[in-house]
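Take a look at the structure below.
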Protein chains: 2
Amino acid sequence: MASTINDVAKLAGVSRQTVSRVINEPTLVNSKTLDKVQRAIKILDYHPNITARFLANKRVKTIGLYMPFSADQVRQNLFFSTLSSVVCQFCSQHDYIMQLFTSLTREDSGRLFARLYKERQVGGLILTCPSVSNEELISLLTEKIPFIIVGRPGLQTEQIPYVDVDNVEAGRLATAHLIDYGHRRIGFLNGPADMTLSEDLRQGVTACAAAHSAEQPLILEAETDLTFAAGYVEALRLLTSPKRPTAIFTADDLLAIGVKKSGRRAGLAHPRRPVGPQRRSDRLGPYFPWCADLYRYAVRTAGRYCGRISGTQH
Amino acid sequence: MASTINDVAKLAGVSRQTVSRVINEPTLVNSKTLDKVQRAIKILDYHPNITARFLANKRVKTIGLYMPFSADQVRQNLFFSTLSSVVCQFCSQHDYIMQLFTSLTREDSGRLFARLYKERQVGGLILTCPSVSNEELISLLTEKIPFIIVGRPGLQTEQIPYVDVDNVEAGRLATAHLIDYGHRRIGFLNGPADMTLSEDLRQGVTACAAAHSAEQPLILEAETDLTFAAGYVEALRLLTSPKRPTAIFTADDLLAIGVKKSGRRAGLAHPRRPVGPQRRSDRLGPYFPWCADLYRYAVRTAGRYCGRISGTQH
DNA sequence: CTGAAAGCGCTTACAG
DNA sequence: CTGAAAGCGCTTACAG
């Protein structure tokens with residue numbers, strides 16, 4: 001059995017409050033007492049029970065990270081692993097615990113969040129990939145649960161803290177880039193209709209097309225679930241249609257890989273190098289240097305952080 | 001303030017033990033009482049505090065998943081996201097909490113594990129990518145901390161529960177495959193020397209080369225840290241050396257992508273299709289259909305689970 | 001079937 | 001600077 005604060009107190013010949021003080025506010029303790037207690041802690045290999053601390057403190061140093069993806073999407077998408085590894089690292093540096101939640105249908109997620117928080121399982125939440133309808137967030141707001149969104153929330157953006165890149169600008173830049181290079185029929189593999197990401201990208205694409213109305217660009221948009229398979233299927237559909245696009249802009253790298261495969265399938269040559277201005281090495285990620293150049297170009301350039309970050313209780 | 005078990009008891013006009021029973025053993029409660037209490041729970045929106053439950057139960061339903069990668073490796077590697085998403089899903093299905101730990105130097109990890117467990121932060125641990133020297137595991141064994149390894153532990157494989165694919169067989173198969181196809185100088189981008197994965201792969205490769213000594217195959221092994229960058233650098237070194245290999249076998253997909261890039265850099269044509277027997281669609285993952293075919297081939301074929309899974313306390 | 005008692009391992013005021 | 005008291009929100013035996 002692991003030793004408790006009482007064991008330490010007994011061995012050191014002090015009260016358990018003093019032991020607690022040694023751990024939490026050592027400066028308030030007489031140096032001789034400090035020494036005695038610390039020796040006892042060493043001897044007994046004492047580690048304060050974090051559950052008991054959380055209970056006594058009435059706060060948990062735990063942050064939940066939620067990603068509304070199916071296991072399959074999570075497995076595929078780099079966004080997931082990047083985000084979770086960074087959050088995880090930051091949490092452990094700051095003595096927080098990170099808990100991961102995935103693979104839940106978005107409808108239930110609101111109740112899940114409330115439960116997690118009310119059960120005091122998490123002290124706060126990081127939510128990702130918000131949907132257009134903010135239903136699951138409403139309860140978080142009304143229950144005053146500390147949370148932040150990675151991505152633009154669908155409603156009440158003034159009240160809801162979030163961080164995001166400027167996807168409207170990303171869509172605009174990518175489209176302008178393709179139009180500049182002479183493309184007039186542009187495929188656009190967007191994300192799911194209910195994601196704000198898709199809304200923002202579309203807004204940028206549409207605005208750009210309108211601004212270039214003289215060139216009469218034709219945007220061929222298709223909805224996807226951001227998986228490789230969807231990228232393949234939708235791109236193949238576009239590429240084998242009468243109005244075959246001459247360029248495709250995708251909402252995600254994974255889609256771009258699907259596009260590449262569909263191009264092979266459709267018997268089309270695929271450019272080795274990005275179709276665009278001179279290549280800068282910092283523009284491309286290490287992963288798919290031969291894919292998704294345009295999307296990445298846009299996002300990197302347009303990716304200034306926006307959104308509101310408010311203080312939270314914890 | 002969230003309502004507690006005492007609030008519910010008061011409102012329902014029963015003792016808090018009865019409320020506790022309604023939650024944990026409803027069959028032991030009189031149906032009228034049950035009804036009263038459940039109504040009170042509804043009205044007060046009561047959620048049992050999980051921290052208090054853990055403390056009273058003297059067990060935490062929390063599993064730690066540890067991946068000894070740097071943030072950069074984690075971000076890149078698909079193994080990470082696959083494993084964590086699956087573990088996460090399984091945990092939530094079984095009412096467990098998953099906590100993620102990454103980016104720590106392996107030396108400190110032993111102490112980390114002990115601390116996590118002794119602080120009762122986790123009830124058990126899933127460790128990945130074991131190193132040859134089992135130092136960090138020894139303390140887990142002696143402290144009787146429940147844990148399991150994904151990958152073959154370096155020592156005391158009889159005592160330590162683990163699951164793994166048969167990497168020795170994978171190395172053997174991949175090498176045999178390449179020799180069968182006429183290759184005599186075979187590059188072998190292995191993982192870090194201190195990982196058992198690397199040991200196992202090398203054993204298979206070496207054994208296979210020995211078995212085919214008549215053909216005099218030459219194995220050109222290079223150590224990598226399993227990153228894209230290392231794959232590129234080491235492959236380029238091999239490909240620009242006088243004894244340039246005619247085929248390369250890599251320990252990981254990411255290395256294979258690095259190899260591909262180095263091939264381009266070295267001005268070598270890269271086969272579109274796998275060099276091997278007829279392509280079966282189930283043999284390839286969705287990600288890099290044009291890469292890493294040989295490795296995947298080997299692993300899929302050789303990937304029968306081995307290792308020992310013993311029961312744990314929780 | 002239900003409640004009074006004791007306890008899980010810690011911390012926060014409050015005296016001294 | 002230190003300790004006695006009370007409490008965090010729950011559960012586990014034990015009576016009745």
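By convention in this document, chain letters (A, B, ...) are assigned in the order of the sequence lines, proteins followed by strands, and residues within each chain are numbered from 1.
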Look at atom NZ of Lys10(B) and say whether more than 12 heavy atoms of other residues, nucleotides or ligands are closer to it than 6.0 Å.
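At most 12 heavy atoms, drawn from other residues, nucleotides or ligands, come within 6.0 Å of this atom.
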Parsed dot-bracket for DNA chain C after applying the Watson-Crick and G-U rules with both distances under 3.5 Å and | for other-strand partners is |||.||||||||.|||
Out of dC8(D), dC1(D), dT2(C), whichever nucleotide has its closest atom nearest the side chain of Lys58(A):
dC8(D)
Nearest-nucleotide pick for Asn30(B), side chain only, options being dT2(D), dC8(D), dC1(C):
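Nearest listed nucleotide: dC1(C).
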Whole-Å gap separating [atom2] ([N]) and [atom1] ([X]):
X        : N      : atom1 : atom2 : answer
Lys36(B) : dC1(C) : NZ    : C1'   : 12 Å
Leu55(B) : dG7(D) : CG    : P     : 17 Å
Leu44(A) : dG9(C) : CG    : P     : 14 Å

Applying the side-chain hydrogen bond (donor to acceptor under 3.5 Å, both in side chains) criterion to Asp35(B), which one of Lys32(B), Arg39(B), Gln38(B) satisfies it?
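So, applying the side-chain hydrogen bond (donor to acceptor under 3.5 Å, both in side chains) to Asp35(B) and each of Lys32(B), Arg39(B), Gln38(B), only Arg39(B) qualifies.
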Let me have a per-nucleotide readout for nucleotides 10-16 of chain C, 5' to 3', with B, S or -, counting only protein heavy atoms under 4.0 Å.
BBBB---
Is there a donor-acceptor contact under 3.5 Å from the side chain of Asn49(B) to the main chain of Thr51(B)?
yes
I'd like to know if the side chain of Thr196(B) and the backbone of Arg152(B) have a donor-acceptor N/O pair within less than 3.5 Å.
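Flag set: sc Thr196(B) to bb Arg152(B) pair under 3.5 Å.
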Measure from the ring center of Tyr66(B) to the ring center of Phe113(B) and say whether it is less than 6.0 Å.
yes
Report yes or no: is the cationic atom of Arg120(A) (NZ for Lys, CZ for Arg) under 6.0 Å from the centre of the six-membered ring of Tyr117(A), at an angle within 45° of the ring normal?
yes
Tell me which of Thr51(A) and Val14(B) sits closer to the 5' end of DNA chain C, going by the nucleotide each one is nearest to.
Val14(B)
Hey, is the side chain of Thr18(B) poking within less than 4.0 Å of OP1 or OP2 on dG3(C), counting only N and O atoms?
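So the side chain of Thr18(B) is within the cut-off, an N or O lying under 4.0 Å from OP1 or OP2 of dG3(C).
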Can Asp45(A) and His47(A) be counted as having a side-chain donor-acceptor contact under 3.5 angstrom?
yes
Could Arg21(B) and Glu25(B) be called an ion pair, given the rule that one side-chain N must be under 4.0 Å from one carboxylate O?
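Salt bridge between Arg21(B) and Glu25(B), a charged N being under 4.0 Å from a carboxylate O: no.
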